[in-house]
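See structure below.
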There are 2 protein chains.
Amino acid sequence: MARLPEYLRALHNLAEAGDDTVSSEGLAAAAGVNSAKLRKDLSHLGSYGTRGVGYDVALLIDQIEFTLGLTQRRAVALVGVGNLGHALAGYAGFASRGFRIAALFDADQARVGEPINGLNVRHISDLAVVAAAESIAIGVIATPAAAAQDVADALVAAGVTSILNFAPCVLSVPEGVDVRKVDLAVELQILSFHEHRKSSLTALPGGLSSPNGLAATGTEEAVGS
Amino acid sequence: MARLPEYLRALHNLAEAGDDTVSSEGLAAAAGVNSAKLRKDLSHLGSYGTRGVGYDVALLIDQIEFTLGLTQRRAVALVGVGNLGHALAGYAGFASRGFRIAALFDADQARVGEPINGLNVRHISDLAVVAAAESIAIGVIATPAAAAQDVADALVAAGVTSILNFAPCVLSVPEGVDVRKVDLAVELQILSFHEHRKSSLTALPGGLSSPNGLAATGTEEAVGS
DNA sequence: AGGCGCTTGTGAACCCGTGCACAAATCGCG
DNA sequence: CGCGATTTGTGCACGGGTTCACAAGCGCCT
């Protein structure tokens, strides 16, 4: 499930706080989900909690990390060291959660050789040999949209089977290759939609619950403080 | 719906290519979704295409932009100009899609005054007055996780009603405030899970379809090239 | 040892999103 | 003017995710 990483993060926080066991209720609150959902998720990966007590934090961390394949430190290739790629290369959150940025690539010869965070930018034509040498299976695309499809093809040709795409475009990849897309502007547009919905709501004096039939599902939280 | 921005992006591409009308099939392919789903989405916002012809590109763009509330250029505040915040401040994709980064904030006095992309970093204590002056309703949190909740509280106090959170933690906000969370490391962990699933799959000689019952829903594409 | 309270695991109902398939409608052409 | 090709809009069934509710199990206290 896509919620496992969230549980893992909450568990690490709890372990740091010195907690030894957690109830599903407590962990669910820390991860921002329903407790029944969490129990079902955890049961699906065969993990055993003890009734009347809860889950063993350390054991559960191991279980989830194994399921997520984080027992080995995975090497990722980052393509495109522009504005965003530069930041991603230096983002500490990757290293602290089991990932190692193994290589940086760009199509611009002017950037090749530039050192970023202890790593030299290489030309994209080196992708195949470097990916094989470092056994890279995950690629991150942080290029303009126009270049993204070519980069994706090159990554696939180099043996990459999972791609995280920050470029605002849909990628076409062969079967067996997983693509996740993160579009920063889309996130803001969704928030803009909520803003629009809220303002048109307050404009109407009557208490109709929704101005139209749209429901805007997604990552939503509205927890009372 | 959360797919509207994706349609909008595809439509802008089509408009740039000179197309005047699109069929639902064509637009669905460009956006990477099913055509029936797209038609249903479009019908839900009351937009009229003409049968036998398709949708008018320019008209549909206007319709979606209105629904998304993009007729007005929305001002957003960015808090935290570290590695990631710095990149977000310079990200051209925001400006090109209807958003204006109106102010930059940080808690570190050493960064205050620093010019980034034509804007000076201000101290977070100025948030309330600046937000009111610029009528900011959307805030972006790019701080470490430890500071995120305090920043969120400050944003809410300043009148912000939509928050985009890049910090790896769950935020607690009063009802009526929308939060979207983007966790870069989580995205990689989900890809890692797919990798683990794939490798354990190839390790087994028998052709069982799935090593366990997990299905990892989410942003997934597997389009044959 | 026995009972009680607490927590997990899960069966079942429910709800929503998804996709199929088809009727209605529009344009172009003969 | 009429017919066929094409495309939208939508009713309906299917599947999966979500939630409730409760039985089963475990520890602790007496």
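In what follows, chains are A, B, ... by sequence order, proteins preceding strands, each numbered from 1.
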- Query: Less than 3.5 Å between a donor and an acceptor, one on the side chain of A:Lys37 and one on the base of D:dT19, is that the case here?
  - Reply: no

- Message: Rounding to an integer number of Å, can you tell me how far A:Leu38 CG sits from D:dG17 C1'?
- Response: 15 Å

- Message: If I take atom CZ in residue A:Arg39 and atom C1' in nucleotide D:dT19, what distance separates them, rounded to the nearest angstrom?
- Response: 11 Å

- So, B:Gln149 side chain and B:Ser172 main chain: donor-acceptor pair closer than 3.5 Å or not? yes

- Between B:Tyr55 and D:dG9, is there a side-chain N or O to OP1/OP2 distance below 4.0 Å? yes

- Message: Would you say A:Arg51 places a side-chain N or O within less than 4.0 Å of OP1 or OP2 belonging to D:dC28?
- Response: no

- Task: Using atom CG of A:Asp41 as one end and atom C1' of D:dG16 as the other, report the distance to the nearest whole Å.
- Result: 13 Å

- Salt bridge B:Glu6-B:Arg9, side-chain N to carboxylate O under 4.0 Å: yes

- Task: Answer yes or no: does atom CD of B:Glu65 have more than 12 heavy-atom neighbours from other residues, nucleotides or ligands under 6.0 Å?
- Result: yes

- For the side chain of B:Tyr48, starting at C-beta, report the closest nucleotide among C:dT7, D:dG9, C:dG9. D:dG9

- Note on the structure: note: B:Leu27, atom CG; D:dT6, atom C1'; distance rounded to Å ~ 17 Å

- Message: With a 4.0 Å cutoff (strictly under), does any side-chain N or O of A:Ser24 reach OP1 or OP2 of C:dT8?
- Response: yes

- Taking for A:Arg3 and for B:Lys40 the nucleotide of DNA chain D with the nearest heavy atom, the one nearer the 5' end belongs to B:Lys40

- Message: Donor-acceptor pair, distance only, cut-off 3.5 Å: does the side chain of A:Arg74 make one with the backbone of B:Glu195?
- Response: no

- Give the rounded distance in Å between these two atoms: CG of B:Leu45 and P of D:dT8. 15 Å

- Note on the structure: When rounded to whole Å, the CG to P distance for the pair A:Leu59 and C:dT8 reads 14 Å

- Query: Pick the nucleotide of DNA chain D nearest each of A:Ala36 and A:Val53; which residue has the one closer to the 5' end?
  - Reply: A:Ala36

- Phosphate OP1/OP2 of D:dC20 contacted by A:Asn34 side-chain N/O (<4.0 Å): yes

- Query: Whole-Å distance between C:dC16 C1' and B:His44 NE2?
  - Reply: 11 Å

- Query: Applying the side-chain contact (heavy atoms from CB on, under 4.5 Å) test to B:Leu164, which of B:Leu88, B:Val140, B:Ile138 qualifies?
  - Reply: B:Val140

- Starting from P on C:dG19, measure out to CD on B:Glu25 and report it in whole angstrom. 13 Å

